[in-house]
Amino acid sequence: MERGDNPYNYLLRDIVIDPSFYDNEEIQRGDVVYHEQPKEYYELVQYEALEEPLNRVIALPGESVEIKDGQFYIDGKKLDTFYGNGTNNIRSNDYESEFQLEKITVPDGHIFVSGDLWWRGIDSKQYGPIPIEFVKGKVLGYP
(Lines give C-alpha, C1' and ligand atoms only; values in the text may rest on other atoms or scores of the structure.)
Protein backbone atom coordinates (compact mmCIF):
# COMPACT_ATOMS: atom_id res chain seq x y z
CA MET A 1 0.00 0.00 0.00
CA GLU A 2 3.07 2.17 0.05
CA ARG A 3 6.46 2.26 -1.61
CA GLY A 4 8.49 2.36 1.61
CA ASP A 5 9.49 -0.20 4.20
CA ASN A 6 6.27 -1.47 5.72
CA PRO A 7 4.42 -4.77 6.16
CA TYR A 8 2.52 -4.46 2.88
CA ASN A 9 5.37 -3.36 0.60
CA TYR A 10 4.14 -5.59 -2.18
CA LEU A 11 6.13 -3.95 -4.99
CA LEU A 12 9.22 -5.98 -4.12
CA ARG A 13 7.59 -9.13 -2.72
CA ASP A 14 5.15 -11.83 -3.65
CA ILE A 15 1.81 -11.60 -1.92
CA VAL A 16 -0.94 -14.14 -1.33
CA ILE A 17 -4.30 -13.06 -2.67
CA ASP A 18 -7.41 -15.20 -2.34
CA PRO A 19 -9.58 -14.33 -5.37
CA SER A 20 -12.47 -16.47 -4.12
CA PHE A 21 -12.48 -15.26 -0.48
CA TYR A 22 -15.45 -12.95 -1.01
CA ASP A 23 -17.47 -15.66 -2.73
CA ASN A 24 -18.40 -16.84 0.77
CA GLU A 25 -17.51 -13.90 3.00
CA GLU A 26 -18.63 -10.28 3.22
CA ILE A 27 -16.13 -7.47 2.79
CA GLN A 28 -15.32 -6.03 6.22
CA ARG A 29 -13.83 -2.74 7.32
CA GLY A 30 -10.10 -3.20 7.78
CA ASP A 31 -9.74 -5.87 5.08
CA VAL A 32 -6.82 -5.35 2.72
CA VAL A 33 -8.08 -5.88 -0.82
CA TYR A 34 -6.47 -6.17 -4.23
CA HIS A 35 -8.58 -4.22 -6.72
CA GLU A 36 -8.85 -2.58 -10.11
CA GLN A 37 -8.25 1.14 -10.34
CA PRO A 38 -11.17 3.27 -11.55
CA LYS A 39 -10.54 5.31 -14.68
CA GLU A 40 -10.53 8.47 -12.54
CA TYR A 41 -7.28 7.25 -10.98
CA TYR A 42 -5.44 7.49 -14.28
CA GLU A 43 -6.65 11.07 -14.71
CA LEU A 44 -4.98 11.96 -11.37
CA VAL A 45 -1.54 10.39 -11.85
CA GLN A 46 1.27 11.55 -14.11
CA TYR A 47 3.21 8.28 -14.25
CA GLU A 48 2.66 4.67 -15.15
CA ALA A 49 0.98 3.14 -12.14
CA LEU A 50 -0.01 -0.29 -10.98
CA GLU A 51 -3.32 -1.32 -12.40
CA GLU A 52 -4.38 -3.31 -9.36
CA PRO A 53 -3.27 -1.84 -6.04
CA LEU A 54 -3.69 -2.92 -2.44
CA ASN A 55 -5.86 -0.79 -0.21
CA ARG A 56 -7.64 -1.13 3.09
CA VAL A 57 -11.43 -1.00 3.31
CA ILE A 58 -12.39 2.10 5.31
CA ALA A 59 -16.15 2.38 4.78
CA LEU A 60 -18.89 0.06 3.57
CA PRO A 61 -22.05 0.63 1.51
CA GLY A 62 -24.45 3.07 3.15
CA GLU A 63 -21.90 4.47 5.60
CA SER A 64 -20.78 8.07 5.66
CA VAL A 65 -17.06 8.78 5.70
CA GLU A 66 -15.18 12.00 6.31
CA ILE A 67 -11.77 13.22 7.40
CA LYS A 68 -11.63 15.94 10.03
CA ASP A 69 -8.30 17.25 11.29
CA GLY A 70 -6.39 14.27 9.94
CA GLN A 71 -8.76 11.62 11.35
CA PHE A 72 -11.24 9.34 9.54
CA TYR A 73 -14.81 9.31 10.87
CA ILE A 74 -17.40 6.70 9.93
CA ASP A 75 -21.03 7.70 10.50
CA GLY A 76 -19.76 10.50 12.72
CA LYS A 77 -17.66 8.19 14.94
CA LYS A 78 -13.88 8.33 15.09
CA LEU A 79 -12.20 5.40 13.32
CA ASP A 80 -9.90 4.59 16.21
CA THR A 81 -7.34 2.41 14.41
CA PHE A 82 -3.77 2.88 13.23
CA TYR A 83 -4.99 3.34 9.66
CA GLY A 84 -7.73 5.83 10.61
CA ASN A 85 -5.35 8.50 11.88
CA GLY A 86 -3.24 10.69 9.60
CA THR A 87 -1.89 12.87 12.36
CA ASN A 88 1.17 10.66 12.66
CA ASN A 89 2.45 11.90 9.30
CA ILE A 90 6.04 12.85 10.11
CA ARG A 91 6.33 14.86 6.90
CA SER A 92 3.74 17.43 7.89
CA ASN A 93 3.29 19.82 10.76
CA ASP A 94 0.02 21.04 9.32
CA TYR A 95 -2.00 17.82 9.02
CA GLU A 96 -5.12 19.46 10.42
CA SER A 97 -5.46 21.67 7.35
CA GLU A 98 -3.99 19.20 4.84
CA PHE A 99 -6.14 16.18 5.58
CA GLN A 100 -9.79 17.03 5.28
CA LEU A 101 -12.54 15.29 3.37
CA GLU A 102 -16.12 16.46 3.26
CA LYS A 103 -18.63 13.86 4.38
CA ILE A 104 -19.77 11.52 1.63
CA THR A 105 -22.04 8.49 1.75
CA VAL A 106 -20.76 5.29 0.16
CA PRO A 107 -23.30 4.16 -2.44
CA ASP A 108 -24.79 0.66 -2.47
CA GLY A 109 -22.44 -1.79 -4.18
CA HIS A 110 -19.34 0.31 -3.40
CA ILE A 111 -16.60 0.58 -0.78
CA PHE A 112 -14.29 3.40 0.29
CA VAL A 113 -10.62 2.32 0.25
CA SER A 114 -7.37 3.90 1.38
CA GLY A 115 -3.75 2.94 1.83
CA ASP A 116 -2.40 2.63 5.35
CA LEU A 117 -0.15 5.64 4.77
CA TRP A 118 -3.10 7.42 3.22
CA TRP A 119 -1.65 10.91 3.27
CA ARG A 120 0.71 9.74 0.49
CA GLY A 121 -1.68 7.76 -1.67
CA ILE A 122 -4.21 8.32 -4.38
CA ASP A 123 -7.30 6.33 -3.51
CA SER A 124 -10.98 6.85 -2.63
CA LYS A 125 -10.09 10.17 -0.99
CA GLN A 126 -9.45 11.51 -4.48
CA TYR A 127 -11.56 9.37 -6.84
CA GLY A 128 -14.37 8.31 -4.53
CA PRO A 129 -15.79 4.90 -3.58
CA ILE A 130 -15.09 1.98 -5.90
CA PRO A 131 -17.57 -0.63 -7.09
CA ILE A 132 -17.33 -3.88 -5.12
CA GLU A 133 -16.92 -5.78 -8.40
CA PHE A 134 -13.51 -4.05 -8.77
CA VAL A 135 -12.23 -6.15 -5.85
CA LYS A 136 -10.11 -9.00 -7.24
CA GLY A 137 -9.44 -10.67 -3.90
CA LYS A 138 -8.48 -10.40 -0.26
CA VAL A 139 -4.81 -10.00 0.60
CA LEU A 140 -3.87 -12.77 3.02
CA GLY A 141 -0.17 -11.95 3.45
CA TYR A 142 3.10 -13.30 2.13
CA PRO A 143 4.09 -16.88 1.24
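The distance from the CD1 atom of Ile17 to the CG atom of Leu54 is 6.5 Å, given to the nearest 0.5 Å. Rounding to the nearest 0.5 Å gives a distance of 6.5 Å between CG of Asp123 and CZ of Phe112. The NZ atom of Lys103 lies 8.0 Å from the CG atom of Asp75; values are rounded to the nearest 0.5 Å. With rounding to the nearest 0.5 Å, the separation of CZ in Phe21 from CD1 in Ile27 is 10.0 Å. Once rounded to the nearest 0.5 Å, the distance linking CD1 of Ile74 with CG of Asp80 reads 12.0 Å.
Using a 4.5 Å cut-off on side-chain heavy atoms (C-beta onward), Leu79 and Tyr83 make contact. Glu66 is not listed as a side-chain neighbour of Glu102, based on a closest heavy-atom distance of 4.5 Å or more. The shortest side-chain heavy-atom distance between Val135 and Tyr22 falls under the 4.5 Å cut-off. A heavy-atom distance below 4.5 Å is not found between the side chains of Ile111 and Ser124. Phe72 is listed as a side-chain neighbour of Lys125, based on a closest heavy-atom distance under 4.5 Å. Between Val65 and Ile58, some side-chain heavy-atom pair lies under the 4.5 Å cut-off.
Although no hydrogens or angles enter the test, the distance criterion places a donor-acceptor pair under 3.5 Å between the side chain of His110 and the main chain of Asp108. In this structure, the side chain of Gln100 engages the main chain of Asp69 through a donor-acceptor pair within 3.5 Å. Using modelled atom types, one side-chain atom of Gln71 and one backbone atom of Gly84 make a donor-acceptor pair closer than 3.5 Å.
Applying the side-chain hydrogen bond (donor to acceptor under 3.5 Å, both in side chains) criterion to Tyr73, with sequence neighbours excluded, gives no partner residue. Not counting sequence neighbours, the partners of Glu63 by the salt bridge (charged side-chain N to carboxylate O under 4.0 Å, His left out) test are Arg29.
The existence of a salt bridge linking Asp116 and Arg56 is confirmed by a sub-4.0 Å separation between a basic side-chain nitrogen and an acidic carboxylate oxygen.
Around atom CD of Glu133, more than 12 heavy atoms belonging to other residues, nucleotides or ligands sit under 6.0 Å away.
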### Message
Does Ile130 form a side-chain contact (heavy atoms from CB on, under 4.5 Å) with Val113? I'd like the steps, not just the answer.
### Response
CA-CA 8 Å; Ile130 63 168; Val113 297; 4.2 Å; yes

### Task
Walk me through it: do Asp31 and Lys138 pass the test salt bridge (charged side-chain N to carboxylate O under 4.0 Å, His left out)?
CA-CA 7 Å; Asp31 286 356; Lys138 181 176 181 174; 3.6 Å; yes

### Message
Applying side-chain contact (heavy atoms from CB on, under 4.5 Å) to Val139 and Val33, what does each step give before you reach the verdict?
### Response
CA-CA 5 Å; Val139 176; Val33 296; 5.9 Å; no

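Pairing each heavy atom of Pro129 with each of Pro107, the nearest pair is CG-CD, 3.8 Å. Summarising the geometry of Pro61 relative to Ile132, their closest heavy-atom pair is CG-CD1, 4.0 Å, with the distance given to 0.1 Å.
Checked by atom type, the side-chain pair Ser114/Asn55 shows no donor-acceptor distance below 3.5 Å.
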